[in-house]
Amino acid sequence: MPLRVYNTLSRQKEDFQTVEPGKVSMYLCGPTVYKPAHIGHMVGPVIFDTIKRYLSYSGYKVTWVVNITDVDDKLINRANEKGMTVEALAKQMTQDYFDNLATMAVDGIDHFPYATQHIKEMQDIIATLIEKGFAYPLDGDVYFNCTKDEDYGKLSGRSLEQMLAGTRAETHGGKRHPADFALWKGSKPGEPAWESPWGMGRPGWHIECSAMAKKILGDSIDIHGGGLDLMFPHHENELAQSESCTGKPFARYWMHNGLMQASGAAGKVGGGHDKLGDKAADLTAAKEAQEANKLAGSKGAASVKELFAKHDPETIRFFLLATHYRSPIDFSDEGITNTGKALDGFYRLFETYERISGQSFYTLKIAPTRASSAALTGTPAEYFQALNDLRQRYLESMDDDFNTGGAVGVLFELRKTLNSFITDHKLETTPTDKSLLPALTAGMTLLKELSSILGVFREAKQKAASADDGLLDGLMQLVIQIRADARKNKNFAVADLIRNKLNELKITLEDRTDQTLWRRG
RNA sequence: GGCUCCGUGGCCAAGUGGCUAAGGCAACGGAUUGCAAAUCCGUCAUCGUCGGUUCGACUCCGACCGGAGCCUCCA
């Protein structure tokens, strides 16, 4: 079954075919670096990181570009507020973004071009557009001429007439059509500005992506991604500029991820709110409700860093991938906590495997591509058959428009299969029989291979290496020893007291046949 | 007003024109355990409402109800 991808352009799933066989060029709209990232900013990177991993696993050579917008109105305003230069603020926030990506295990981005370093490329495109009649200068600005572009609106599915009817924005006096947008903006005193044939100024919002995608990936790229909110006007305009400039299709597949909704964290507003009415007052109230309900606009939205303090980044990543990328994700503490509990079962299994095999799950060698994936054959035959079926279902899910939700489900089933195998064959209680160990390792390796595509379970959790932890472990061994003596003497009252008190301290004990294990939580 | 999208068990969430409608969390019953924990086994849905198309729809179409996004330089 071939890989199929949902293309916003056609509103349906299409067979995946790249411009160049075996290669994929991928562009994701990156952040405007003006304030610390919130969790919503991580959705796109995590999803496209996973998409890149899967494409690589499928044998493609993938080049992935994410731009950094380091000049923009919001950036200028905030820098002024904070009494910083635009450069200093941009640098600081870019570092914040990089830190967050690393924490979320997003490490597949090949290029991070900066808008301010591609002014020349943007001006070249603008000049070409003017030359071809797709753009016109006006009082130091340059505007794209939408009416000149015959298929303008094809991505978001709207016509210029519709936009004319719906527009409420003030029209710039001289614009030929209200939908015409700025390619170049004349600068006011004190703003960052570059020389240009049209006077001192700075680039419009959309032009940077056109310029950087073209420079690094070429005139036609395979995948262009971004949040659903960017479809219009940003991507529509980007597409119009690029195709008018080059005369070639800009992107084969436009992929838009659903947006994150805040529930609980930022306070759920709405419910019972009327639809947008005609009256200005209703409109304002509804808009405020919407704003309050949106992560991006919400003052209450926690920064990613705050979130990391409360939840394991791996749990957050898993949480994001448990829902299909095109669906909105309802973000809530309960939801992530739930995911955390679900993941605990995997960590238990990893520990169990290590006890049985003496080898860490995390050191298992996995195949880099599906073509090189190990053949799952051997005895017991039914067990290997089950592994094969699960792998097949996993790949089918991912081939179907990167259905990570379905793939996650398979991972859970694989976990159950492995636990059953261990239980059924008493692998943990009869450690002398090693004959089934290779079969178990084959299954665990499959689990590692499939989960690494999602970017999870790749490395052991680094334990906080504070001096306290060494002390804690020493104390715990002592407590466990004392309790073991009590149990040996059938003094269960003492043994249970110890265990209950530890529970209150969020420490769980597990009595096994040969030893007692402890863990936090 | 225009343009998109969504509505699956207590909660989260895959999926399909006809096969037992994945999986997770929670709950309940059992195995195991001194009792627990962990693990295993089992139980737990007719897919927003109403119509239509069809031999047959949860899956296609329509209406309605409910929710979300965009149209206003948010990923």
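Proteins get letters first, then strands, A, B, ... in listed order; numbering begins at 1 in each. Fair warning: this is a prediction, and the values are worked out from it, not measured in the lab. Quick note: numbers below take in every heavy atom, side chains included, and nothing from hydrogens, waters or symmetry partners.
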Checking all strands, does [X] fall into the base, sugar-phosphate, or nothing category for heavy-atom contacts under 4.0 angstrom?
| X | value |
| --- | --- |
| A/G335 | nothing |
| A/R483 | base |
| A/F232 | sugar-phosphate |
| A/T339 | nothing |
| A/N500 | nothing |
| A/G409 | base |
| A/G30 | sugar-phosphate |

Is there any protein nitrogen or oxygen under 3.5 Å from a nitrogen or oxygen in nucleotides 37-41 of chain B, and what are the pairs?
{"unit_1": "B/rU39", "atom_1": "O3'", "unit_2": "A/N419", "atom_2": "ND2", "d": "3.3"}
{"unit_1": "B/rU39", "atom_1": "O2'", "unit_2": "A/T423", "atom_2": "OG1", "d": "2.7"}
{"unit_1": "B/rC40", "atom_1": "OP1", "unit_2": "A/N419", "atom_2": "ND2", "d": "3.3"}
{"unit_1": "B/rC40", "atom_1": "O3'", "unit_2": "A/S420", "atom_2": "OG", "d": "3.2"}
{"unit_1": "B/rC41", "atom_1": "OP1", "unit_2": "A/S420", "atom_2": "OG", "d": "3.3"}

Can you tabulate the close N/O pairs, meaning under 3.5 Å, that link protein atoms to atoms of nucleotides 27-29 of chain B?
none

Test item: side-chain donor near acceptor, [X] and [Y], under 3.5 Å:
| X | Y | value |
| --- | --- | --- |
| A/E396 | A/Q392 | yes |
| A/Q385 | A/D389 | yes |
| A/H177 | A/T147 | no |
| A/D99 | A/Q95 | yes |
| A/T352 | A/E428 | no |

>> Return whichever of A/E413 or A/G258 has its heavy-atom-nearest nucleotide of RNA chain B closer to the 5' end.
In response: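 With A/E413 and A/G258 compared, the 5'-side residue is A/E413.
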
>> On RNA chain B, does the nearest nucleotide to A/N403 precede the nearest nucleotide to A/M231 from the 5' side, or the other way round? Give the residue.
In response: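 Final value for this comparison: A/M231.
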
Figure out the [atom1]/[atom2] separation between [X] and [N], and round it to whole Å.
| X | N | atom1 | atom2 | result |
| --- | --- | --- | --- | --- |
| A/D330 | B/rG66 | CG | P | 20 Å |
| A/E236 | B/rU72 | CD | P | 13 Å |
| A/Y27 | B/rA75 | OH | P | 13 Å |
| A/E428 | B/rU33 | CD | C1' | 14 Å |
| A/D72 | B/rA75 | CG | C1' | 14 Å |
| A/D399 | B/rG15 | CG | C1' | 16 Å |
| A/L160 | B/rG2 | CG | P | 18 Å |
| A/M104 | B/rA75 | CE | C1' | 13 Å |

> Do the rings of A/F346 and A/F350 sit parallel, tilted or perpendicular, given the 30° and 60° boundaries?
Replying inline: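 Rings of A/F346 and A/F350: tilted, as their planes differ by 30° to 60°.
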
>> Classify the ring geometry of A/F144 against A/Y152: parallel below 30°, tilted from 30° to 60°, perpendicular beyond 60°.
In response: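 Plane angle between 30° and 60°, so tilted.
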
Of the nucleotides [options], which one has an atom closest to the side chain of [X]?
| X | options | answer |
| --- | --- | --- |
| A/F412 | B/rG23, B/rA68, B/rA14 | B/rG23 |
| A/Q261 | B/rA13, B/rA22, B/rG69 | B/rG69 |
| A/N338 | B/rC11, B/rC74, B/rG2 | B/rC11 |
| A/H324 | B/rG24, B/rA14, B/rA36 | B/rA14 |
| A/D496 | B/rC74, B/rA26, B/rC35 | B/rC35 |

Write down the distance separating the [atom1] atoms in [N] and [M], rounded off to the nearest Å.
| N | M | atom1 | value |
| --- | --- | --- | --- |
| B/rU32 | B/rG42 | C1' | 15 Å |
| B/rC12 | B/rC6 | C1' | 16 Å |
| B/rC70 | B/rC11 | P | 27 Å |
| B/rC41 | B/rA57 | P | 35 Å |
| B/rU54 | B/rA14 | C1' | 27 Å |
| B/rU16 | B/rG30 | C1' | 34 Å |
| B/rC61 | B/rA13 | P | 23 Å |
| B/rC44 | B/rA22 | P | 12 Å |

>> Are more than 12 heavy atoms, taken from residues, nucleotides or ligands other than A/R520, located less than 6.0 Å from that residue's CZ atom?
In response: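 12 or below, so no.
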
Detail all sub-3.5 Å separations between protein N/O atoms and N/O atoms belonging to nucleotides 16-21 of chain B.
none

> Distance from A/L343 atom CG to A/N338 atom CG, nearest 0.5 Å?
Replying inline: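 Going from the CG atom of A/L343 to the CG atom of A/N338 covers 10.0 Å.
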
> Under 3.5 Å, is there an N or O donor on one side and an acceptor on the other linking the side chain of A/R326 and the base of B/rC5?
Replying inline: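 Between B/rC5 and A/R326, which were checked side chain against base, a qualifying N/O pair under 3.5 Å is absent.
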
> Would you call A/F318 and A/D312 a side-chain contact if the rule is heavy atoms closer than 4.5 Å?
Replying inline: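 No, side chains not in contact.
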
> Would you call A/D149 and A/K154 a salt bridge, taking side-chain N to carboxylate O under 4.0 Å as the test?
Replying inline: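 The answer is no: the pair does not qualify as a salt bridge.
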
> Taking the six-membered ring for Trp, is the centroid-to-centroid distance between A/Y6 and A/Y253 below 6.0 Å?
Replying inline: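 Not under 6.0 Å, so no.
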
> Would you say a side-chain N or O of A/K74 is under 4.0 Å from OP1 or OP2 of B/rC74?
Replying inline: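 True: A/K74 side-chain N/O within range (under 4.0 Å) of B/rC74 OP1/OP2.
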
With both distances under 3.5 Å as the test, what is the Watson-Crick or G-U wobble partner of [N]?
| N | answer |
| --- | --- |
| B/rG1 | B/rC71 |
| B/rU33 | none |
| B/rA26 | none |
| B/rC60 | B/rG52 |

> Can you tell which of A/E238, A/H235, A/H234, A/Q241 makes a side chain to side chain donor-acceptor pair (under 3.5 Å) with A/H206?
Replying inline: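 The single option meeting the side chain to side chain donor-acceptor pair (under 3.5 Å) with A/H206 is A/H234.
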
> Going through the checks in order, is the side-chain hydrogen bond (donor to acceptor under 3.5 Å, both in side chains) test met by A/W518 and A/D473?
Replying inline: CA-CA 9 Å; A/W518 73 277; A/D473 193 57; 3.2 Å; yes

> Which heavy-atom pair separates A/Y383 from A/L440 by the least distance, and what is that distance?
Replying inline: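 Scanning both residues completely, I find the closest heavy atoms to be OH-CA, 3.7 Å.
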
